[in-house]
Amino acid sequence: MKTDYQLILASASPRRKELLAGLNIPFEVRLIDGIDETYPPELPTDEVPLYISQKKAAAYKANISPHTIVLTADTVVVCNEQILGKPIDEADARRMLQMLSGKTHRVITGVTLLVEGHSKSFSVATDVSFKPLSATEIDYYIRTFKPFDKAGAYGIQEWIGYIGVTAINGSYFNVMGLPVQRIYEELRTYFT
């Protein structure tokens, strides 16, 4: 895909960087520290990642130059209508994984593509099912992989995904944090 735009990934996530690089489109990472990622408590859970991606994009609006696209994203894990963010410690990670054990949950990523003068936002949802996880499996995963930087306390591309995920309905890459197929289609449609 050839474009006259410079693509900026506004994310510190190594997984998002790796996934976007897989599209073989040149980009660079630029970060603004201290962006407020809070959301109104009455906001429906399915709308939270889109709201936060738009909030992140708004922080870049003043510094955007012509022929630049800023890509922002936010991913949440939703189980029993509760948002599971990044765990604060081992006990929190254990609580989250116990909640996901034997159930199907949703992973939702909100994405905003910001250009000078306008933006395009969308969200992608994927349903993920886990087998019942034993306490030993959960403890091993937490001790070995330390999933404290991952929403829902797990990375599907890690050991817990290999042994625990029984079904996926939707984009695997969305569960990793970036729906690259949809991003490719949006960039191809609007920016080539």
Side-chain angles (χ1 to χ4, degrees), residues 8-17 19-20 29-64 69-89 91-130 147-156 165 168-183 185-187 190:
I8 305 296
L9 175 62
S11 175
S13 166
R15 283 166 301 286
R16 286 196 181 120
K17 185 177 177 183
L19 290 169
L20 190 58
V29 174
R30 286 192 202 161
L31 301 173
I32 295 176
D33 290 329
I35 296 175
D36 176 23
E37 295 187 26
T38 60
Y39 54 89
E42 68 277 3
L43 194 65
T45 55
D46 286 0
E47 296 176 23
V48 168
L50 191 61
Y51 177 88
I52 295 174
S53 80
Q54 291 169 336
K55 205 171 180 183
K56 290 176 180 179
Y60 287 82
K61 203 170 196 172
N63 298 322
I64 197 165
I69 305 168
V70 176
L71 187 160
T72 60
D74 190 72
T75 302
V76 298
V77 172
V78 180
C79 186
N80 300 331
E81 292 306 310
Q82 181 180 348
I83 292 177
L84 304 181
K86 296 174 183 172
I88 55 172
D89 57 22
D92 197 31
R94 189 171 296 106
R95 176 189 66 82
M96 290 182 192
L97 290 169
Q98 287 169 342
M99 183 183 282
L100 298 174
S101 176
K103 294 188 184 115
T104 298
H105 62 278
R106 294 187 73 127
V107 179
I108 307 164
T109 302
V111 176
T112 299
L113 299 170
L114 174 69
V115 296
E116 190 177 51
H118 71 282
S119 65
K120 168 85 173 162
S121 296
F122 57 89
S123 62
V124 173
T126 304
D127 294 326
V128 180
S129 299
F130 267 103
F148 307 114
D149 65 336
K150 295 172 178 66
Y154 80 93
I156 195 167
V165 172
I168 300 173
N169 184 10
S171 168
Y172 172 83
F173 298 112
N174 182 55
V175 181
M176 285 181 65
L178 201 62
V180 286
Q181 187 277 331
R182 176 73 184 272
I183 289 168
E185 291 301 326
E186 296 291 340
L187 291 172
Y190 295 102

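The analysis underlying the following values was restricted to heavy atoms, covering all of them including side chains, and did not include hydrogens, waters or symmetry mates.
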Would you call [X] and [Y] a side-chain contact if the rule is heavy atoms closer than 4.5 Å?
X: Val76; Y: Val107; answer: no
X: Ile183; Y: Val111; answer: yes
X: Ile69; Y: Ile8; answer: no
X: Asp149; Y: Arg15; answer: yes
X: Lys17; Y: Pro14; answer: no
X: Ile52; Y: Pro49; answer: no
X: Val78; Y: Leu84; answer: no
X: Val175; Y: Phe173; answer: no

Lys55/Glu37 ion pair, N-O < 4.0 Å
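No.
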Taking all atoms of both residues into account, what is the closest heavy-atom pair of [X] and [Y], and its distance?
X: Ala10; Y: Leu31; answer: C-CD2, 4.1 Å
X: Ile64; Y: Leu114; answer: CD1-O, 3.3 Å
X: Leu97; Y: Ala153; answer: CD2-O, 3.7 Å
X: Ala73; Y: Leu178; answer: CB-CD1, 4.0 Å
X: Leu50; Y: Ser121; answer: CD1-CB, 3.6 Å
X: Ala57; Y: Thr112; answer: CB-CG2, 3.6 Å

Is a side-chain donor or acceptor of Asp89 paired with a backbone partner of Ala91 at a separation under 3.5 angstrom?
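A pair under 3.5 Å: yes.
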Answer yes or no: is there a donor N or O on one side and an acceptor on the other, between the side chain of Tyr60 and the main chain of Arg30, under 3.5 Å?
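Checking the backbone N and O of Arg30 against the side chain of Tyr60, a donor-acceptor pair under 3.5 Å is found.
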Any side-chain donor-acceptor pair under 3.5 Å between Thr104 and Asp127?
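Distance-only check fails for Thr104 and Asp127.
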Taking atom types as modelled and ignoring hydrogens, do the side chains of Asp74 and Ser53 form a donor-acceptor contact shorter than 3.5 angstrom?
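Checked: Asp74/Ser53 side chains show no N/O donor-acceptor pair below 3.5 Å.
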First locate atom [atom1] of [X], then atom [atom2] of [Y], and finally report the distance between them rounded to the nearest 0.5 Å.
X: Glu47; Y: Glu42; atom1: CD; atom2: CD; result: 10.5 Å
X: Ser129; Y: Leu100; atom1: OG; atom2: CG; result: 10.5 Å
X: Lys86; Y: Lys150; atom1: NZ; atom2: NZ; result: 9.5 Å
X: Lys56; Y: Ile32; atom1: NZ; atom2: CD1; result: 12.0 Å
X: Gln54; Y: Ser123; atom1: CD; atom2: OG; result: 9.5 Å
X: Gln181; Y: Leu19; atom1: CD; atom2: CG; result: 13.0 Å

Which residues pass the ring-ring contact (aromatic ring centres under 6.0 Å, His included) test with Phe130, sequence neighbours left out?
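Testing Phe130 for ring-ring contact (aromatic ring centres under 6.0 Å, His included), a comparison that skips the adjacent residues, returns His105, Tyr154.
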More than 12 heavy atoms of other residues, nucleotides or ligands under 6.0 Å from OH of Tyr51: yes or no?
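Result for OH/Tyr51: enclosed.
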Counting only heavy atoms not in Lys103, do more than 12 sit closer than 6.0 Å to its NZ atom?
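Yes.
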Derivation and outcome, side-chain contact (heavy atoms from CB on, under 4.5 Å), residues Tyr172 and Val165
CA-CA 11 Å; Tyr172 172 83; Val165 172; over 6 Å; no
Checking Leu113 against Leu187 for the side-chain contact (heavy atoms from CB on, under 4.5 Å) test, could you report, in this order, the C-alpha distance in whole Å, the side-chain angles of both residues, the deciding distance, and whether it holds?
CA-CA 9 Å; Leu113 299 170; Leu187 291 172; 4.2 Å; yes
Quick one, Thr75 with Arg16, criterion side-chain hydrogen bond (donor to acceptor under 3.5 Å, both in side chains). Give me CA distance, side-chain angles, the key distance, then yes/no.
CA-CA 11 Å; Thr75 302; Arg16 286 196 181 120; 3.0 Å; yes
